[in-house]
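Data first, discussion second: the structure below is written as structure tokens.
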There are 2 protein chains.
Amino acid sequence: MNIEAQLQQVFDLPPQQVRKISPYFVEEQMAKGMFFLGQGQRADRLSFVASGLFRVFAQTESKEVTQWIGGSGYFITDLSSFLFDQPGRWQIQALTDAKIFSLYKDDYKHFEALIPEWNVLEKRFIAKCFMILEKRVFDFISLSAEERYLHYFEQHKAYFNQVPLQYIASVLGMTPETLSRIRSKVGS
Amino acid sequence: MNIEAQLQQVFDLPPQQVRKISPYFVEEQMAKGMFFLGQGQRADRLSFVASGLFRVFAQTESKEVTQWIGGSGYFITDLSSFLFDQPGRWQIQALTDAKIFSLYKDDYKHFEALIPEWNVLEKRFIAKCFMILEKRVFDFISLSAEERYLHYFEQHKAYFNQVPLQYIASVLGMTPETLSRIRSKVGS
DNA sequence: TTGTATTCTTGATAAATGTCAAGAGCATTG
DNA sequence: CAATGCTCTTGACATTTATCAAGAATACAA
């Protein structure tokens, strides 16, 4: 997915506006296994995934927990760290070779001046992220593990060939063994 | 909690700015049981809870699911409906008599003109809501039911005398029976 | 106050999920 | 190609949670 189409889609912008901001998104290549964001690092960029897959995870006392898997069309960053300059909470690692377009914080700061309605667009963007999480919370309190798996599989079929299932299990809030049994039961 | 102090805290605004917008938040009294937002209604206002408690819930085929309980200091609305003019997804009902301050959509629209930095403030506000949900998702995938209960109890002790436990159970993603057993086990 | 909801608890049992351990399947590397 | 790690699956068993049902406690209304 190219950066201009993606910006146009995410922010619902006309092409001429897109051309104003797209130059600030710089292309980066990430090799499989590389860290987009290491433990405790502050997020200095907001990046759109053009190709490849990333996992967003955190360390607890007892285990590593994958919060989110982001592929083409999604953005990755530690939002609270990026927006509020807090120490990072998430680590982000490339699960495959990947290409991303990164907006660095120094450039990001100038967007308000560059595009008058930038704050409105960004607000809408964050609101959409909020809605995605709201839906996800609702799934946790209203669905069984099997239903959560089926929904996730429906929406992210592409991940299942490329991502270790243990990470997907964590995103769904279950153990790898349980995911494995659900999969053999529903037959996918 | 009065509306000026609340606006100041939520939006991190100096008093003179608060005075510019606070008049647009109109006081409403809600009697216990009344619906702030009924099934399928569009959200036409964003309201801060000054006193009282509300539950935000949705109907599934099989059951009613409480997503959130909002008390003093929180805002209530159906955010996606309010921001994007979509049909409502949530119903919102007063669990006690309550006092709220409502910003109606018609007034809200003028805030950009009234306060130049309004969009920045609103963006930050929504981002904070995002962070709360992000934390909540993480709790679901990383904690046991008992731990989730203990966290929630720690943060919302005040709810437990006023809210039917079945609603809290739903927020925590468990049945009322399980919540009851956890409570008798940990002894609160 | 009394009667009627509703809510909460408790028990018995079933179902779902986690844990631990072993082995099979795959990929990566030398 | 062989050797070494991961990853995934499967089994046995423990733990957690749900379900159904009944009774106790509580709140609400006549």
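These numbers come from a predicted model, not from an experiment. In what follows, chains carry the letters A, B, and so on, assigned in the order in which the sequence lines appear, proteins first and then strands, with residues in each chain numbered from 1. Excluded from the calculations below are hydrogen atoms, water molecules and symmetry mates; all remaining heavy atoms, backbone and side chain alike, are included.
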Please verify the inter-ring angle class for W90(B) with F138(A); under 30° counts as parallel, over 60° as perpendicular, anything in between as tilted. perpendicular

Counting only Watson-Crick pairs (N1-N3 plus N6-O4 or O6-N4) and G-U wobbles (N1-O2, O6-N3), all under 3.5 Å, who is the partner of dC13(D)? dG18(C)

Are T175(B) and dA18(D) close enough that a side-chain N or O sits under 4.0 Å from OP1 or OP2? yes

Rounded to whole Å, the CG-P distance (L172(B) to dT16(D)) equals 17 Å

Counting only distance, no hydrogens or angles, is the base of dC20(D) paired donor-acceptor with the side chain of E177(B) under 3.5 Å? yes

Tell me what K185(A) touches on the nucleic acid: a base, only sugar-phosphate, or nothing, going by heavy atoms under 4.0 Å. nothing

Looking at DNA chain D, which of residues 155-164 of chain B put a heavy atom within less than 4.0 Å of it? none

Backbone of E4(B) reached by a side-chain donor or acceptor of S22(B) within 3.5 Å: no

May I ask you to establish whether R136(B) and F140(A) are in a cation-pi arrangement, using a distance under 6.0 Å from NZ or CZ to the six-membered ring centre and at most 45° from the ring axis? no

Test item: D97(B) side-chain N/O and K32(B) main-chain N/O as donor-acceptor pair under 3.5 Å: yes

In whole angstrom, give the distance that lies between atom CG of L179(A) and atom P of dC8(D). 9 Å

Cut-off 3.5 Å, side chains only: do T96(A) and Q162(A) have a donor facing an acceptor? no

The single option from Y104(A), F48(A), F101(A) that satisfies ring-ring contact (aromatic ring centres under 6.0 Å, His included) with F25(A) is F48(A)

To the nearest Å, give me how far apart CE (M174(B)) and C1' (dT19(D)) are. 16 Å

Checking R183(A) against F160(A): charged group under 6.0 Å from the ring centre and within 45 degrees of the axis? no

To the nearest angstrom, the CZ-C1' distance between R148(B) and dT17(D) comes to 11 Å

Are E64(B) and Q91(B) linked by a side-chain donor-acceptor pair shorter than 3.5 Å? no

Of all nucleotides in DNA chain C with an atom under 4.0 Å from a non-hydrogen atom of chain B, which is the first and which the last going 5' to 3'? dT7(C) to dA12(C)

Rounded to whole Å, the CD-P distance (Q166(B) to dT26(D)) equals 16 Å

What's the CG-P distance between L143(A) and dA18(D), to the nearest Å? 13 Å

Could you tell me whether dA21(C) is syn or anti, where syn means a glycosidic angle within 90 degrees of zero? anti

Length of the CD-C1' vector between E146(B) and dT15(D), whole Å: 12 Å

Calculate the interatomic distance between I182(B) atom CD1 and dT15(D) atom C1'; express it in whole Å. 13 Å

Which is more 5' along DNA chain D, the nucleotide nearest R181(B) or the one nearest P176(A)? Just name the residue. P176(A)

Is the ring pair H156(B)/Y152(B) parallel, tilted or perpendicular, if the boundaries are 30 and 60 degrees? tilted

Nucleotide opposite dT26(D) in a Watson-Crick or G-U pair, distances under 3.5 Å: none

When you compare the side chains of Y167(A) and Q93(A), does any donor N or O come within less than 3.5 Å of an acceptor on the partner? no

